[in-house]
Enquirer: 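Got a structure for you, questions after.
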Amino acid sequence: MVLLGEKEFFKGIGEIAYEGRDSDNPMAFKFYNPEQKVAGKTMREHFKFAMAYWHTLCGTGTDPFGPGTKQFPWSTSSDPIKAAMDKADAAFEFATKMGFDYYCFHDFDLVDEAETLSESEKRIHKIVDYLKQKQKDSGIKLLWGTANCFSNPRYMNGAASNPDFNVVAHSGAQVKIAIDATIALNGENYVFWGGREGYMSLLNTNMKLEQENIGRFLNMAKDYARGQGFKGTFFIEPKPMEPTKHQYDFDAATSINSLREYGLQEDFKLNIEVNHATLAQHTFQHELQVAANAGMLGSIDANRGDYQNGWDTDQFPNNVLETAEAMLVFLKADGLQGGGINFDAKTRRNSTDLEDIFLAHIGGADTFARGLLVAEAIIQRSNYGSLLENRYASFNSGKGLDFVRGNLSLNDLYDHAKLSGEPKQISGKQELYENILNQYI
Ligand code: XLS
Ligand code: NI
Ligand code: NI
């Protein structure tokens with residue numbers, strides 16, 4: 001049963017069902033079958049799909065060349081609380097119809113920011129009460145909350161990294177309120193994407209102080225949330241550039257290093273976004289692997305970029321080949337720690353029908369489902385696992401094993417090399433691996 005508020009916003013659209021790959025129904029899943037078990041867990045459990053409030057409910061299609069193109073029927077009231085409640089009704093109607101168990105938001109996606117901090121806080125409290133009821137009625141949960149400390153002009157020089165302490169404090173207040181909201185809604189995680197934490201010119205920047213301040217700030221936020229009983233995980237979402245030229249959380253490796261430097265490695269993990277990975281000149285799977293290696297693969301922002309463009313186009317995922325490769329990493333890492341997969345993606349500016357939002361999410365969910373099925377098949381049915389293992393077989397016995405155990409010195413390597421002579425050439429067989437991947441698509 002679809003639980004609705006006073007009105008139905010997505011008229012004529014029912015619950016999206018799994019109909020299998022032969023279905024011609026555009027409003028049905030072809031691969032995402034929530035209850036189907038893959039590698040020991042249902043798809044629903046693996047993915048924990050979430051609706052991203054900002055794109056889905058607030059993204060009207062503005063770009064640098066023109067205003068929004070989409071008239072959302074939930075944003076019509078001039079009363080901010082009424083408008084926020086309508087938006088929440090639309091959000092929960094959408095997630096319910098999609099069969100998604102989660103949603104995620106920035107503070108001011110929920111309700112418009114007011115003139116003063118206290119008035120904004122009051123508004124957030126009101127809408128949080130409303131959302132509590134919506135969560136209760138629908139069973140939909142909060143995957144994570146976050147604070148938008150980058151859109152308001154006051155953050156033009158950064159938030160926690162701002163050269164002015166007054167702005168740092170303001171963002172602290174905003175993060176406190178957003179953490180309170182996340183806890184009140186039983187949010188499972190809390191995200192920090194360093195919106196404008198970075199710089200445009202080194203000439204006017206004290207990089208060391210800015211980064212140290214971020215470390216202090218994140219520790220304060222963590223201590224506050226833990227003090228309030230928050231048990232969830234904090235995520236850093238790396239991104240190399242845009243809006244600033246040099247973002248401090250450039251990529252997974254950089255962010256992991258910062259977290260260790262700040263002493264936050266026990267409480268924080270990473271939220272990896274596909275398009276941020278590609279902007280950093282990495283692949284999505286590379287970033288997942290880096291996070292997994294550090295035990296920090298926390299959550300995923302699903303989308304894709306455009307390889308001919310250099311910005312965060314936030315398109316919906318549709319590349320099965322790349323997603324399958326990413327799902328190989330995902331399955332081998334035993335999935336995500338605490339997080340899920342939210343669609344941090346927007347329909348194109350000229351996709352103006354309300355149903356386009358459904359079509360986009362259906363395609364995104366199907367892409368991940370198909371990728372997961374391919375990855376499972378490769379792991380279970382092909383010789384991929386043994387091929388990869390054999391590539392490193394020299395470390396399983398003899399001197400190689402001694403090396404891995406840390407029992408050799410540089411002199412031991414010297415002796416070994418002298419004894420064993422020129423190493424035999426061993427092919428990397430990349431094309432074979434690529435063919436296996438293709439075979440299971
Ligand atoms: C922007 C980010 C943002 C975060 C949440 O590029 O992806 O949407 O996910 O603040
Ligand atoms: Ni994101
Ligand atoms: Ni992004």
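Atoms within a ligand are numbered from 1 in the order they appear, just like the ligands themselves.
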Enquirer: Is it the side chain (CB and beyond), the backbone, both or neither of D314 that lies under 4.0 Å from ligand 1, heavy atoms counted?
Expert: neither
Enquirer: Run through F343, F29, Y102 and flag the one making a ring-ring contact (aromatic ring centres under 6.0 Å, His included) with F49.
Expert: F343
Enquirer: Which of the atoms in ligand 1, numbered in the order shown and given with their element, are less than 4.0 Å from a heavy-atom of D301?
Expert: 9 (O)
Enquirer: I'd like to know whether the aromatic ring centres of F94 and H361 sit less than 6.0 Å apart in this structure.
Expert: yes
Enquirer: Does E115 have more than 12 heavy atoms from other residues, nucleotides or ligands lying within 6.0 Å of its CD?
Expert: no
Enquirer: Can a non-hydrogen atom of D312 be found less than 4.0 Å from any atom of ligand 1?
Expert: yes
Enquirer: Would you check if Y262 and Q211 make a side-chain contact, meaning some heavy-atom pair closer than 4.5 Å?
Expert: yes
Enquirer: How does E273 reach ligand 1, by side chain, by backbone, by both or by neither, if only non-hydrogen atoms under 4.0 Å count?
Expert: side chain
Enquirer: Taking the Ni ion (ligand 2) as the center, what protein N, O or S atoms are found at less than 2.8 Å?
Expert: E237 OE2, E273 OE1, D301 OD2, D344 OD2
Enquirer: Under 6.0 Å between the ring centres of Y190 and F230?
Expert: no
Enquirer: Classify the ring geometry between F10 and F358 as parallel (under 30°), tilted (30 to 60°) or perpendicular (over 60°).
Expert: perpendicular
Enquirer: So F268 and F192, would you call those rings parallel, tilted or perpendicular, with 30° and 60° as cut-offs?
Expert: parallel
Enquirer: Identify the protein heavy atom lying closest to atom 8 (O) of ligand 1, giving its residue, its atom name and the separation to 0.1 Å.
Expert: D344 OD2, 3.1 Å
Enquirer: Would you call the rings of F150 and W193 parallel, tilted or perpendicular, where under 30° means parallel and over 60° means perpendicular?
Expert: perpendicular
Enquirer: Quick one: report the N, O or S atom of D312 that is nearest to the Ni ion (ligand 3).
Expert: OD2
Enquirer: Specify whether Y32 and F47 have parallel, tilted or perpendicular ring planes, treating 30° as the upper limit for parallel and 60° as the lower limit for perpendicular.
Expert: tilted
Enquirer: Counting only heavy atoms, tell me which of H55, H106, E237 gets closest to atom 2 (C) of ligand 1.
Expert: E237
Enquirer: In this structure, which one of D314, D312, D344 forms a salt bridge (charged side-chain N to carboxylate O under 4.0 Å, His left out) with K239?
Expert: D312
Enquirer: For K239, counting its heavy atoms only, list the atoms of ligand 1 lying under 4.0 Å from any of them.
Expert: 1 (C), 6 (O)
